[in-house]
Amino acid sequence: MGVDATTLANWLSSYDCDSITIGVVASHSSLQILHGARMEGFRTLGIAVGENRRRFYSAFPGAEPDEWLMLDDYREMLDHAEWFRERNVIIIPHGSLVEYLGAENFRNLEVPTFGNRGILYWESSRARQREWLQAGGCTLPKIIDNPHDIDGPVIIKYAGAKGGEGYFIARDYRDFRRNVNLEEEFTIQEYVLGCRYYMHFFFDPTATDGFQVQGRGELAGKNLGRLELMSMDRRDESNVDEFYKLGSLRDLREMALEPSFVVTGNQPVVIRESLLPRAFEMAEGTVSASFELEENARGMLGPFCLEAIVTDKLEFKIFEISARIVAGSKPFIGGSPYSDINEPFMSTGRRIARCLRKALNQGNILDIIS
Ligand code: ATP
């Protein structure tokens with residue numbers, strides 16, 4: 001399903017491209033998106049449920065939306081499609097929007113949306129992500145199919161869990177059995193010991209300069225677009241980040257405590273510079289492989305994040321990809337040590353708005369929306 005190219009072109013033909021409004025659900029990374037949109041001269045629309053949510057934005061006048069759409073439930077966005085289009089709205093998606101609407105509703109939302117909504121099908125399942133990342137040449141943590149084969153630390157991840165909720169570590173089958181909820185679908189992954197880097201990239205298929213991603217297969221020999229590294233963060237995860245303060249894992253078990261991985265915040269980081277070429281190699285592979293994924297001819301588009309652990313052998317293990325703006329880009333509203341090299345004050349939110357602005361000026365907006 002999803003929105004076909006003809007329908008999209010029809011909608012856009014009735015848009016007044018001189019007065020586009022950037023619409024965003026007031027959550028996740030919306031402050032950055034709204035601020036960035038304003039910096040690129042767009043009108044902005046906030047979509048929210050609950051007066052409290054709206055009021056909070058008055059604390060940030062630099063990002064406060066020009067207009068609000070207040071709803072009782074985010075799914076009402078589906079009924080407001082025409083309302084959005086009458087106001088020349090382009091939606092910028094983020095993790096909360098997809099979660100609030102549901103992946104299928106988001107795919108069918110009848111409003112022009114930045115990026116390629118089709119990629120979400122590949123992002124939404126761990127198995128499909130794995131296939132994609134491996135095709136892109138990324139190295140991944142091992143998967144243990146049979147719990148009886150656990151013979152070292154593993155992490156158990158539930159399908160559909162968000163932000164590490166409910167995940168746990170097991171050292172052997174007994175550990176696994178004691179903690180697992182067999183009612184839920186889960187994956188057992190090798191627990192990789194090392195430091196985490198959440199690398200925020202941006203792929204702009206309309207740019208012909210900079211680091212050009214090389215096409216493969218039918219697209220071999222073609223430059224697909226420009227790949228940029230915007231920033232990097234590390235998540236604060238409660239309570240695993242502070243667990244060590246209470247003693248060894250054994251001490252903690254005696255107190256009936258288990259580490260959990262619930263995201264509570266983000267910190268800016270940079271990576272050892274000699275690791276950047278490999279990081280780019282994997283990001284480039286991931287983008288070029290995205291054009292070969294079944295029913296995804298449009299490939300990757302806009303911001304994405306490779307979530308990595310670097311071991312003491314200086315090897316990357318990519319444990320997840322997010323094919324959209326991630327909340328970890330928020331420490332960089334004023335730019336990052338990477339994006340500042342190219343242009344100061346370029347957040348990922350602003351980079352999205354810049355991409356839209358440029359496409360509007362060049363008349364190729366249909367290349368970057370879905
Ligand atoms: P989100 O969708 O918000 O990115 P998620 O629920 O898909 O989160 P992951 O990102 O896969 O969860 O993992 C949550 C956390 O668990 C990671 O941030 C990391 O700290 C830890 N983690 C995940 N996989 C591994 C691994 N293989 N080895 C060690 N730690 C891991």
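Note that the numbering runs from 1 along the sequence shown for the chain. Ligands are counted one by one from 1 in listed order, and the atoms in each one are counted from 1 as well.
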Asker: Please compare E307, K317, E123 and report which has the shortest non-hydrogen distance to atom 10 (O) of ligand 1.
Answerer: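 Nearest option to atom 10 (O) of ligand 1, by heavy atoms: E307.
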Asker: Parallel, tilted or perpendicular: which describes the rings of Y158 and F168, with under 30° parallel and over 60° perpendicular?
Answerer: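 Y158 and F168: tilted rings.
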Asker: Using distance alone, with no hydrogens and no angle criterion, decide if D236 and Q267 have a side-chain donor and acceptor under 3.5 Å apart.
Answerer: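 There is such a pair (donor and acceptor under 3.5 Å, judged by atom type) between the side chains of D236 and Q267.
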Asker: Closer than 4.0 Å to some heavy atom of E190 - which atoms of ligand 1 meet that?
Answerer: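 Taking each heavy atom of E190 in turn, ligand 1 has 26 (C), 27 (N), 28 (N) under 4.0 Å.
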Asker: Against ligand 1, does R126 come closer than 4.0 Å with any heavy atom?
Answerer: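 Contact check R126 vs ligand 1: positive.
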Asker: Consider every N or O of Y191 and every N or O of ligand 1, then say whether any pair is closer than 3.5 Å.
Answerer: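 In this structure, Y191 places no N or O atom under 3.5 Å from an N or O of ligand 1.
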Asker: Compare every heavy atom of Y57 with every heavy atom of S30, then report the nearest pair and how far apart it is.
Answerer: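 That closest heavy-atom pairing would be OG-OH, 2.6 Å.
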Asker: For S322, is at least one N or O under 3.5 Å away from an N or O on ligand 1?
Answerer: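 N/O-N/O distance under 3.5 Å: no.
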Asker: Quick one: which ligand 1 atoms are inside 4.0 Å of a heavy atom on P141?
Answerer: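 Counting atoms of ligand 1 from 1, those under 4.0 Å from P141 are 27 (N).
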Asker: For the residue pair S347 and F332, what are the closest heavy atoms and their distance?
Answerer: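 Of all heavy-atom pairs spanning S347 and F332, the closest is CB-O, 3.4 Å.
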Asker: Give the atom numbers and elements of ligand 1 that come within less than 4.0 Å of a heavy atom of Y198.
Answerer: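 Listed by number with element: 17 (C), 18 (O), 19 (C), 20 (O).
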Asker: Which ligand 1 atoms does Q189 reach within 4.0 Å, using its non-hydrogen atoms?
Answerer: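 Reading through ligand 1 atom by atom, the close ones are 24 (N), 25 (C), 26 (C), 27 (N).
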Asker: Can you figure out which of F261, F319, Y167 has its heavy atom closest to atom 12 (O) of ligand 1?
Answerer: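 Going through F261, F319, Y167 one by one, Y167 has the nearest heavy atom to atom 12 (O) of ligand 1.
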Asker: Between V192, I155, L193, I188, which one has a non-hydrogen atom sitting closest to atom 22 (N) of ligand 1?
Answerer: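 Nearest option to atom 22 (N) of ligand 1, by heavy atoms: I155.
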Asker: Have a look at F316 and tell me which of V192, I271, L306 forms a side-chain contact (heavy atoms from CB on, under 4.5 Å) with it.
Answerer: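 The side-chain contact (heavy atoms from CB on, under 4.5 Å) with F316 is passed solely by I271 among V192, I271, L306.
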Asker: I need the atoms of ligand 1 closer than 4.0 Å to a non-hydrogen atom of R196, numbered in the order shown.
Answerer: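 Per the distance check, 19 (C), 20 (O).
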Asker: For residues E67 and T44, is any side-chain donor paired with an opposing acceptor at under 3.5 Å?
Answerer: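 Side chains of E67 and T44: no pair found under 3.5 Å.
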Asker: Should you measure from each heavy atom of K157, which atoms of ligand 1 turn up under 4.0 Å away?
Answerer: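 Taking each heavy atom of K157 in turn, ligand 1 has 11 (O), 23 (C), 24 (N) under 4.0 Å.
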Asker: What residues, two or more places apart in sequence or in another chain, satisfy side chain to side chain donor-acceptor pair (under 3.5 Å) together with D16?
Answerer: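 D16: side chain to side chain donor-acceptor pair (under 3.5 Å) contacts with S19.
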Asker: Going by atom types only, do D4 and T7 share a side-chain donor-acceptor pair under 3.5 Å?
Answerer: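 Yes.
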